Every structure is written in structure tokens, then in C-alpha cells.
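Here is the structure we will look at.
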Amino acid sequence: MRFGVSLCLLTLALAFRPAAAETANIAVAANFAAPARAISEAFDGKTRLSIGATGQLFLQISQGAPYDVFLAADQARPALAIAEGLGIKGSSFTYALGRLVLFSRDSNRVTGLESLWDQSLRKIAIANPATAPYGAAAVDLLQALDVFEALEPKIVQGKNVTQAYQFAAVGAADLAIVAASLTMGRTKRGYTLLIPADMHRPIAQDAALLARGQNNATAKAFLAFLKSPEALAIMHRYKYDAPMNVSSARKTDG
Amino acid sequence: MSGQIDAAFEGALGDFHLDTTFTAAMSGVTALFGPSGSGKTTALRCIAGLTRMQGRLSVNGRDWQSAKAFIPAHQRPVGYVFQDANLFPHLTVTGNLNFAAKRAGKRSNGDSPAIDFDETIDLLGLAPLMQRMPAALSGGERQRVAVGRALLSRPQVLLMDEPLSGLDQAAKADILPYLESLTDTLAIPVLYVSHDIGEVARLADHMVLLNSGRAIASGTIGDMLERLDLGLLVEPFEESVLATAEVTGHDPKYRLTRLICCGQPLTIPEADLAIGETVRLRIRARDVALATKRPEGISIRNILEGHIAEISAAPGAAHAETLVDINGARLRARITLEALAELELCVGAPVFALVKSVTFDGRSIAAKPQN
Amino acid sequence: MDDIWQPIWLSIRLATVTTAFLLVLGAPLAWWLARSPRRWKEAVAAIVAMPLVLPPTVLGFYLLLALGPDGPAQYLNGHGLAFTFEGLVIGSIIYSLPFVVQPIRNAFEAFGEKPLEAAATLGAGPWDRFWHVALPLARPGILTGAVLGFAHTIGEFGVVLMIGGDIPGETRVLSVAIYDYVETLQWRKAHLLAGGMVAFAFIVVLAVLLLNRRPTRQGASA
């Protein structure tokens, strides 16, 4: 009898749960696309993911794109969105921290950090430091190791971190310093060395609730879900760090 | 004025300048004749409305072009036969003809006679060609289809732009009889552009002579051919006159045909003509010799008696052109200046004109009386 | 997101609608370009050809501004046409315009004035000549233009991504879907779609080559 009552109550509870039947449209930066998909599948709610470069997504948002949530690859764009009234004040937070790896097709090239001193290195690929946080972080790393000036003539820049990865993947560059998430599922094709996070600036990726989604319960739930242990575990599988692990992670203030 | 075509055009196409005024009758075949580049095709295109120049054009009392108005080509009731037939390559012969027939009613305004589809096909011998595509036709066949197509659009005037000049001799010989019977039966006027005096002599009733963009003379075909002062414009080899003759009999033994021309007997190689039929004969000046006495023991069969009507010496040449009057008809004779002096020939002098029978061939006979 | 047929169907719809519009708009434009005596017509031709040389992202950028809520499109419905299927159609029309207009223009120029003059002397007015003489004679060029326009629209990426925004079911076309599958590491699906596109491209090129060889053999009564 009690079981029956509990079942009825549970059923009623389920029936009357404020069902987040609304769909949340999520704009996600390309480099976070794979974990975002996995997280959205684990999330209990309807989401639609749209993938693009952070800059292009920002431009589209400013032109009225129908997104509710913005998952960027940097901190600047969400902050700018909020400053321009496209995002909700106070809603932005760092949802993930990116990690760097050394990557090469050739196993000899990634024995350790000392690989960077190898004289036989001809070309080393990074993302454009002016436009990509991963590129700026790569420069940080080289400067921290005091090899930046020596290696500068050997550096080739990809327009983004994916292109830098591709340079190394096809052998045009001997070595690349790229996002760890890029090498997910591709380790068979090359060799990687994870770089300690304190050797470069934090690659903080911020999320924000956009104006269009301010009354969207699913959107808000999704943002909350990003901070959950489940989501963080997924991120970790895809080689992103949870924000609270690094003390220097900043929180933007709206 | 009704009953005529009045045309005056002035303008330029590139380097070429046209400034021409002429009239043509609303019946019969009027040739626009002249050397290449004389403006005949341009004038024809102006009449059709395909080329636009300043000027005026009035056809049978209606203004097709004036200072105030220009009726566009598609509203002018003309039929146009292009030099290269210009059939629609994507349609069969039937398709080409139907294209014209379907649009015939639109601009005829009742002035042009109705043309029967089947009659046209018969007239031009198109029946075996109906399902073929233009690419599968010979040059002569294409031209015949082009003529049929132009007729089926119920024109008031038929314009023909050198329809034979793209054809070889065999094709020309094939199509000329069709054109002859056509121009005989047509109730509408034909303007026929050509630089070939042979065609013109055979088909035309009137001629307008053009040179360097101007119309310099016009008249009946017989008159025009006799005008010695226009000799420079016709290739000297071809200068000729037209004579009318009536067939009196045939000689099977020697394969000859006998005729009476200007009251005197004429003999030519056997021709497929009926007794009593009147024909137009073209006699070239270079084929006519003169004698002051009736010659004997000479192979030449045709000896016509008359007197000299006109003499014109070609400047800087060894010969002179003469016109010999034979009972009112005129023959041209070209002889050397030396002969002229030796025979003491002058206007009014009695002479005999000698014409070799063998100079007459199919091309110089037209089964059509001169108008 | 994982429905592999949705982007295919969306791309086909987009390419069909775009090609239909382009034929209706492009044939008269090509006709004018082929026959107009005006001196500034080549300037118009150059404008038409510009999508051939402009980088797609540049084109996409300016289209996004034009179709966005601050651009002229806002007067249509208040918020513009960006991120909608209709916006993609407009973008695709501009992007594929030269691929349709150029072959048709060439076809119109190829047969010259003479057939049209013949038609005029037979009583055919301007529209009659266009419809019954010019279009049939230009048919190979029109088919080529249609095939090229269709294929080019199917293959669009940069422009569509910029003005469409990768919205599943509305603007996530084939090319964008492949990009998404690659980014989300769903490589099998990416291979599948990409392989299909390669096969499609091959068929298209083959069709164009064959179309341009066949002479107008069909007979008809006009």
C-alpha cells in the first residue's frame, strides 16, 4: 500500500514536474564541440548545438542569432557580449580550462619538455597568439622555458589551434603546441605530452546566458549542469580541466 | 502614293555610308543590283526593319517608317529570305513552316493574300523534306524551305537577299526553276538583291542599280541592260541584253530550236520549249559580231539585219560597245576600235549582227516574257 | 543533431529553391547581358561575377550584416532574415548567381542575331522570340547553368555557416553537418556524408560534360 502510494506520488511528481520542455539553443566554440555534445546527451533536457568559431558566433549573436547560451573558447567574447547587452549580467563564468600538449607524428619528438631544445627541430606550429588563447598560452610556455627567442624563427602559425595541429599531423611541422582536446581519439596517429598547467596563463573558456535565453529554463539548467560533477567528469575525459582546480582562474564580474 | 514602295534611307554602318532613294512597283520582281558593298543588302534590311537608319518608307500607301514613326520588324508584313536560309536549327522543316503559319494572321491586316500551306509545299517541292532537320538538308533544299517559310507568313512584300549566292552551280540550277515559277504565280511584289546579272536577267522585271551606297538608276530590266553608260558596273564578260522571241519549231535532225526574234529567224541549240511559247533570251555583247555585208560561207547561223543605234567607246580599252537596232529590239555588240574604223561604222549605218547559236545555253533562256 | 538525413534533405531543398529562382531571374538577366548595346552592361556583368572571386567569408560577412536586424532586411519582418532558411536562399542566390548566368549568357551569344532576325520577319515579337527561339536554342546552356547552380549551392560552406548559423533542421546544411561531425569526433558519419558529396560532385561534372557535347538533335514543331 505504501509502495503504491509512493508510486502514485512519484508518478504525479513526474507528471507535474515543471518539465523543461523548452529547447535550449547552445552556441559552442568548435574546440569544445565534442565534450559539449557528450554533456548535452548526459543533460536531461532538450538542447540544440550550433558549432562555430568563437569570433563568428559572437558576430552572429550580435546580428540576432537565435542562441540562448554561449560557450566560448575565451573570456573576452562573453564579456563583450554582456557589455553590449547581448548577454545577461552576472551570468558568465569559466566553465572549463584548456590544457596544452606537445604533439608530433614522430615519437622521438615528444620525449619530454627537453624536446623543445632539440636542434633538429625545423618547424614548430602554434595557433596565432593574437587571436587564439591557445596560441598566446603556447608563447607563454616557450617564454617560461626561456626558449622563445631561440625558437622564434622556427615557429609557424595556424589561424587557429586546429590548423596548427594539422600542420604537425601531416608532417609539415615537426612539433605543435596545441589544445589537449584536439588529440582526443587521435593518439594513435601521433604522440603527445601534457604540459603542466602552471607553465602558461590559464586558458579559461567562459560561458554566458544570452538575452534571448533569459527566460529559458532549460538554458539556465544547462548552464548549471556545466558545473556539476557529471559534466566536469566528461570534460576531464576530453582533456579539459575543471575551473576550480586552478587558483588563478578568474571570474568575470558583470 | 499607293501602289508602290517608296524608300529613302540615309545612315552609316561602320565605314559604309548609305544614302539611297528609290521606288519599286507593288507587283513583279524588282532587282536591287550592284557590286558587293553597294548597299543593296543594307537597303533591303532597312525595308524589313532589321536595320534602322534615318529615312522614310511607304508601302502601298502605308507608312512603315517616317520622321515620326518606325514600325518594328515583327510588325511589318514582309517575308525575308536570307542569304544562308537561316532556318531554325532546333525545328524540323515542318516546324519551321508552322512557325510562320502560326503567326501569319497577326500582321497581315487583310492586305496580303492568304497562302495555302499545301500549295506552297507543292510549289517548292518540299514534301519529301518535311520531317528533316535543317542540318540534314542541302543548300538548295534549305533555301527552298526558307522561301516557303517566308511565304507562309502571309507577307505583302517578299524580300530576297542574294538567295542563290551561297549555292554551287548545280544547286542554283536546281532551284532557279522553282523561283521562276514562283515569281510567275506570286501576287505580291518581290525585291531581289543580287550581284549576279545572270540571275537578275532571268528573274527580274525591273532593276534598281546601286553603287557605293546610292541608287543611281532604275527601270525595266530590258532598258537597264541596254544602257551602255552603266557598263562599268556589270562585269564586262556578262554585259548583255534581253530579247523576246517566239518558238516556231524544232529540228530533230540537227537538234536545234528555231525562233522568231524581232521579226527575223533565230536558231539555238535544242531547248525544252513548246511551239508558240514566248521566251526571254539573253545575248551577251561579246557574242555578237558585226558585218557591213551579209556574209556567205560562214558557220554562224544567226544573221540579223538592222542598223547602228548607238556607239560608246570604252576609255582606254581596245573595244567599243555598240547598240544595234533590229526592228525596234536592241542588241549589244562589242567590237574592236580597229574594226569600228575599218568598217567605217557610225550611228545609222546598216549592219548585220552575227550571233553564234552555240552561245545560247540553259542560262540564257528564261521561259518568261519580259514585262 | 544526429539525424544524418536532415542536412541532406535541407541541402536539396535549398539547392532546388535557389536554382529555380536563379533560372527565373538569371535567364532574362543573361538575355539582357547578351544583347544589350549599352556600354555599362559589362559593369553589370562584373558585378554578377563578383561572387566568383570574393572569399566566401567576406561575402558571408556582408550578407550577415545586410540580412541582420540592423540591415535592410529588417523592414521585412522586424528582425531580418539571418539564420532562417529564407536568408540562406537569398545568400545562395547571390553566391551561385554567376554559375547560372554565365553559361546561359554564353548560350544566348552563341547563336547570334540571325535566328532572332528570322523570327522577327515572321512576325514574332520580343517575348515570342525569347520564348520560342532563344530559350530552345540556349537549352544546353540553361541546363548547364542549372546543374552548376545546384551543385554549387550544395557545396556552399562559408557563406551558409556565417548567415545561417548552423541551426539543426533549419540552416545546418550538408557541408556544415560534415564540419560538425568532424568537430564532434563522429568520424564515421563525416566520412559517409563527405563520400556522398564526392560521388555527387563527380556525377555533376560528368553530367555537365555530357550535356555540352550533345547537339540539339530533337526535332519539334514550334
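Chain letters run A, B, ... following the sequence lines, proteins first, then strands; residues in each count from 1. If you're wondering where the values come from, they're calculated on a predicted model, not measured in any experiment.
Within a 6.0 Å sphere centred on CD of B:Gln75, other residues, nucleotides and ligands contribute more than 12 heavy atoms. For C:Met50, the CE atom is loosely surrounded, since the number of other residues' heavy atoms within 6.0 Å does not exceed 12. By the 6.0 Å contact criterion, CZ on B:Phe16 is enclosed, its count of non-hydrogen atoms from other residues, nucleotides or ligands being greater than 12. The environment of C:Phe21 atom CZ is sparse: at most 12 non-hydrogen atoms of other residues, nucleotides or ligands sit within 6.0 angstrom.
Applying the salt bridge (Lys or Arg N to Asp or Glu O under 4.0 Å) definition to pairs two or more places apart or across chains, none involves residues 74-87 of chain B.
In this structure, the side chains of B:Arg103 and C:Asp128 come closer than 4.5 Å at one or more pairs of heavy atoms.
When all heavy atoms of B:His74 and C:Pro126 are compared, the pair lying nearest together is CE1-CD, 3.7 Å. Contact detail for B:Ala150 and C:Leu122: the closest heavy-atom pair is CA-CD2, 4.4 Å.
Chain B is approached within less than 4.5 Å, heavy atom to heavy atom, by C:Lys114, C:Pro115 from residues 99-115 of chain C, ordered by number.
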### Intermediate values then yes/no, side chain to side chain contact (heavy atoms under 4.5 Å, CB included), B:Tyr80 and C:Glu117
CA-CA 9 Å; B:Tyr80 198 104; C:Glu117 286 187 345; over 6 Å; no
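Using a 4.5 Å cut-off between heavy atoms, B:Arg149 touches chain C through backbone and side chain atoms alike.
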